[in-house]
**Student:** 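Structure incoming, see below.
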Amino acid sequence: MCGIVGYIGRKQAYPILIEGLKRLEYRGYDSAGVALMPAKNIINVYKSAGKVKQLEAAVAGCDVAGCAGIAHTRWATHGEPNKENSHPHCSMGGRLALVHNGIIENYAVLKEKLTAEGYAFASDTDTEVLVQLIDYIQKKGNYNLVTAVQLALKEVVGAYAIAVMDRENPEMIVAARKSSPLVIGLADDGLYLASDATPIIEHTNRMVYPDDEEVAALYKDGSYRIMNLENVECCHEAQTVALNIGQLQKGGFPHFMIKEIYDQPECLADCMRGRVMADMNRIVISAVNNYKDVLMRAKRFIIVACGTSWHAGLIGKQLIESFCRIPVEVEYASEFRYRNPVVGKDDVVIAISQSGETADTLAAIELARERGAFIYGICNVVGSSIARATDTGSYIHVGPEIGVASTKAFTGQVTVLAMFALALAQVQGKISGEQMKETIEELVSVPDKIREVLKQDDYINNMAKVFTYAHNFIYLGRGYAFPVALEGALKLKEISYIHAEGYPAAEMKHGPIALIDMNMPVVVIATKSPLYEKVVSNIQEIKARGGKILAVITEGDTVIKEMADYSIEVPETMECLESLVTSVPLQLLAYHIAANKGLDVDKPRNLAKSVTVE
Ligand code: F6R
C-alpha cells in the first residue's frame, strides 16, 4: 500500500508527480503530498489529507517550480490519515524530504534513540523516524546522502521503498527498496521512479527493477548508479515494459471497475493467446513444459493467496484435483505463514496474486521455500515481487487492474488455473484427446459467453435498484459455484458496505437459514449442474421462509425462473469453467448497488489495491 513517485531531469516535476499520484491512487488514498526542489537549499513541501484532487486544490497558487521532486499517496498504517502524518516527511530543520511505502518495524526503538539525541517529531509515523535517522547519520559522519541512506537502512527492520532528497544536493534523488516495490524509468529527459510502472509508462518504457536492499542514486543529468547496502555496484539490465496507456484510462466508463468488468472478454482472450493452440488439441503453458518433472513428482499442491485470489484458488483446487488427480490444499497466506504448516520438498506451492506484492503471500512463499517446496506463481503485475520470488509461473496477462475491487484479475486467475490443470493433465496423460478438445472449445467460447452476460447489464442495474438499501445479503452456490458465491459476497461488501456472506447452499440448514426473512435477499448460483436438483430444494427452503431469491440460471431454465423473484440467465457452460461466466453478473450487481449509493466504487473506504503490510 502507499504509492511513491519521483522525477529528476529537465522537465518540471510537479505535473509529472501529480499525474503519477493519480495513477498510483489505487494503492492508497488517505492523504497525498509532494516535495519539490527548485534550487539548492530549497525544498517546498505540500500535503493534504484525502485524495490527490484535494492535494491539487491545496497546492493551487503555490510555487510548484522544480525539476526534481518526490510524491506520495498514503494508505495509513502508523498514525491517522491527517495532514501531519502525510508524506513527504522532512528531517528536523528541513534538510531532507522523504517518501516511503512499507513499514519500519523497529521505529519505536529508533525514535527513542533519536529523541535522546534531541530530535523532535511532528507526526506519529514510522517514516518520520527514518528520515530523522538518515539526517542524524548524515550529520554525525558528514556523509553524502547515499552513504547516510545505506547506513540508516542497515539499522532498519521492516519493509521500504523510499525516495529521499537533500536540499544541499539538488542534483540527486536517492531511492531504495526492501520488500516493497520500486521501479526506475530511464527517459531522454531524465529519470523517473515509482512503486510500479503505471506512472512512468507515458514517459518511457525502459525500466530498471532494483532488488531488495539496493540503493539507487538518480542524477539530474540522466545518469544513475545502483549499489547494495555495502556500496557494491549492482548491475540490472533495463527492461522494455509493454503497457498500453489506454488500459490506464477509463475509456468513457464512469469507473475503472465497470470498465474492467467489460474488458473481461478481451482480457481472457489475451490470457489464452499463444497458450491455447489453434487446433484446439493442446494447451501450451511454458512453465508447465519446462518444469513438468517437478510438477509431476509433486505429491500435493498447496495454493496460497488472499481475498479474491484465494477464491480463485478454491476453483483451482477443484480444477487440478478433477483433471490431474493430485490433492490440492488452499490456504489463506496470512494463516499459512504463521501456523508451522507441514510443507516440504514433495509439495508444489502455487502462489496467486494480482498485484504480486501482497505481503502475506510473499511471506508464505518464503516459508515454503525455506522448507524445500517448489514455488509456482500466478500473478498479473509483470516483474512484481511475487513474480520474482517464485521458481516459475504464469502471468495472467489481463492488463493493469485499477479498480480496488478485483474483477478481471479473478477471471484471469481462474483461466490460468484451468489452463494449468489441463496442461498438466496433458503431460501426465490423464486426459483423453477428446476431453481435451471439448474442454478447450468451451474455454475459448468463454469470452463470447461473457459478452452475452454483459448484454444484461441494464436488467441487472434495474434489479440492483431494488436492493440498493438492503442491509444484508446471502450468496449461495455448490461445487464450482461455491467460490463464486464467496466472491460475489466479497465484491458486494467491499464496495457497497452491505454485509454479505457466501455459503455452500447445503450448509444453510445447519445455521444460516435462521437469518432468512422477507428482508433477506439471497443470491443463488443455480445453473444446470449435477447438483441442480439439490439447489432447487435449497431455493424452496428459502422461499418457504420468505427470502427473496435472485438466481443466476442457465439460459432457458423455466423451473427456477418461476421460483425466483429475479433471475439472470447465463449461457450454458461446462461446469468446470462456469465460474468464469457466473461471476460476471455478480460483479455487475455489486457495482450497480455501490454506484447507485453514490459511493466511490474504485476507491472503497479503508482499502487499497496492493496490500504490502501484514
Ligand atoms: C478484493 C481484492 C482483494 C485482493 C487481495 C489479494 O476485490 O481485490 O481481496 O484479492 O488483497 O491481492 P493480490 O491478488 O494482489 O495478492
Side-chain angles (χ1 to χ4, degrees), residues 1-3 26-28 75 179-181 195-196 198 255-258 260-261 264 303-316 330-337 349-365 375 377-390 393-396 398-414 416-417 475 483-484 486-498 500 502 583-584 586-591 594 599-614:
M1 1 273 264
C2 299
Y26 74 87
R27 301 179 68 88
W75 187 85
S179 305
S180 290
S195 299
D196 66 37
T198 56
H255 297 100
F256 279 108
M257 182 179 175
I258 187 74
E260 288 161 3
I261 292 172
Q264 287 175 111
I303 295 179
V304 293
C306 302
T308 289
S309 300
W310 185 81
H311 296 155
L314 294 177
I315 297 169
V330 188
E331 299 255 9
Y332 284 116
S334 53
E335 290 295 312
F336 180 83
R337 65 182 289 196
V349 167
I350 302 180
I352 308 176
S353 174
Q354 185 287 128
S355 63
E357 302 296 344
T358 301
D360 285 323
T361 310
L362 205 46
I365 291 172
I375 321 287
I378 296 180
C379 294
N380 189 31
V381 178
V382 176
S384 55
S385 303
I386 292 175
R388 291 190 292 153
T390 48
S394 307
Y395 284 114
I396 62 174
V398 297
E401 190 179 64
I402 303 198
V404 163
S406 191
T407 51
K408 62 178 182 172
F410 173 74
T411 46
Q413 289 163 345
V414 174
V416 165
L417 286 160
Y475 285 69
V484 177
L486 292 177
E487 176 59 8
L490 176 62
K491 283 300 81 104
L492 185 71
K493 62 188 143 193
E494 69 180 323
I495 59 169
S496 72
Y497 318 146
I498 295 175
S583 54
V584 177
L586 306 191
Q587 296 168 348
L588 288 170
L589 179 66
Y591 170 77
L599 297 170
D600 192 345
V601 175
D602 287 333
K603 298 184 197 110
R605 69 184 180 204
N606 305 338
L607 290 174
K609 184 83 186 148
S610 175
V611 187
T612 54
V613 294
E614 58 171 293

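Just so you know, ligand 1 is whichever comes first in the structure, and atom 1 is the first atom listed for that ligand.
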**Student:** Look at ligand 1 and say whether H311 reaches it with a heavy atom at a distance under 4.0 Å.
**Tutor:** no

**Student:** From atom 8 (O) of ligand 1, work out which of S406, A359, P604 has a heavy atom at the shortest distance.
**Tutor:** S406

**Student:** For ligand 1, which atoms, with element, lie under 4.0 Å from some heavy atom of A405?
**Tutor:** 7 (O)

**Student:** Looking only at the side chains, is there a donor atom on one of S385 and E357 sitting less than 3.5 Å from an acceptor on the other?
**Tutor:** yes

**Student:** Do the ring planes of Y332 and W310 sit parallel (below 30°), tilted (30 to 60°) or perpendicular (above 60°)?
**Tutor:** parallel

**Student:** Do me a favour and list the nearest non-hydrogen protein atom to atom 2 (C) of ligand 1 with residue, atom name and distance?
**Tutor:** T308 OG1, 3.7 Å

**Student:** Consider ligand 1: state whether an atom of it lies below 4.0 angstrom from any non-hydrogen atom of T407.
**Tutor:** no

**Student:** For K491, take its heavy atoms, then give the atoms of ligand 1 lying under 4.0 Å from any of them.
**Tutor:** 1 (C), 7 (O)

**Student:** Around atom 6 (C) of ligand 1, find the nearest protein heavy atom and jot down its residue, atom name and distance.
**Tutor:** C306 O, 3.4 Å

**Student:** Considering heavy atoms of the protein only, find what lies nearest to atom 15 (O) of ligand 1 and give residue, atom and distance to 0.1 Å.
**Tutor:** S355 OG, 2.6 Å

**Student:** Look up atom OG in S334 and atom CG in D360, then write down how far apart they are to the nearest 0.5 Å.
**Tutor:** 5.0 Å

**Student:** Ignoring angles and geometry beyond distance, decide whether T358 reaches within less than 3.5 Å of ligand 1 through its nitrogen or oxygen atoms.
**Tutor:** yes

**Student:** Kindly say whether A364 contributes a backbone atom to a donor-acceptor pair with the side chain of R337 at under 3.5 angstrom?
**Tutor:** no

**Student:** Determine whether S583 and E487 satisfy the following criterion, side-chain hydrogen bond (donor to acceptor under 3.5 Å, both in side chains), listing intermediate values before the conclusion.
**Tutor:** CA-CA 8 Å; S583 54; E487 176 59 8; over 6 Å; no

**Student:** Looking only at protein heavy atoms, which one is nearest to atom 11 (O) of ligand 1, and what is the separation?
**Tutor:** V611 CG2, 3.9 Å

**Student:** Let's go through V349 and V304 carefully: what are the C-alpha distance in whole Å and the side-chain angles of both, what is the deciding distance for side chain to side chain contact (heavy atoms under 4.5 Å, CB included) to 0.1 Å, and is it a yes or a no?
**Tutor:** CA-CA 7 Å; V349 167; V304 293; 3.8 Å; yes

**Student:** Mind checking whether T361 has an N or O less than 3.5 Å away from an N or O of ligand 1?
**Tutor:** no

**Student:** I need the contact type for E494 against ligand 1. Using non-hydrogen atoms and a strict under-4.0 Å cut-off, is it side chain, backbone, both or neither?
**Tutor:** side chain

**Student:** Relative to the heavy atoms of S353, which atoms of ligand 1 are at a distance of less than 4.0 Å?
**Tutor:** 13 (P), 14 (O), 15 (O), 16 (O)

**Student:** Enter the distance from I350:CD1 to I365:CD1 here, rounded to the nearest 0.5 Å.
**Tutor:** 11.5 Å

**Student:** Using the side-chain contact (heavy atoms from CB on, under 4.5 Å) definition, which of the options M257, K491, Q413 pairs with S406?
**Tutor:** K491

**Student:** Roughly how far, to the nearest 0.5 Å, is CG of L492 from CG of L589?
**Tutor:** 6.5 Å

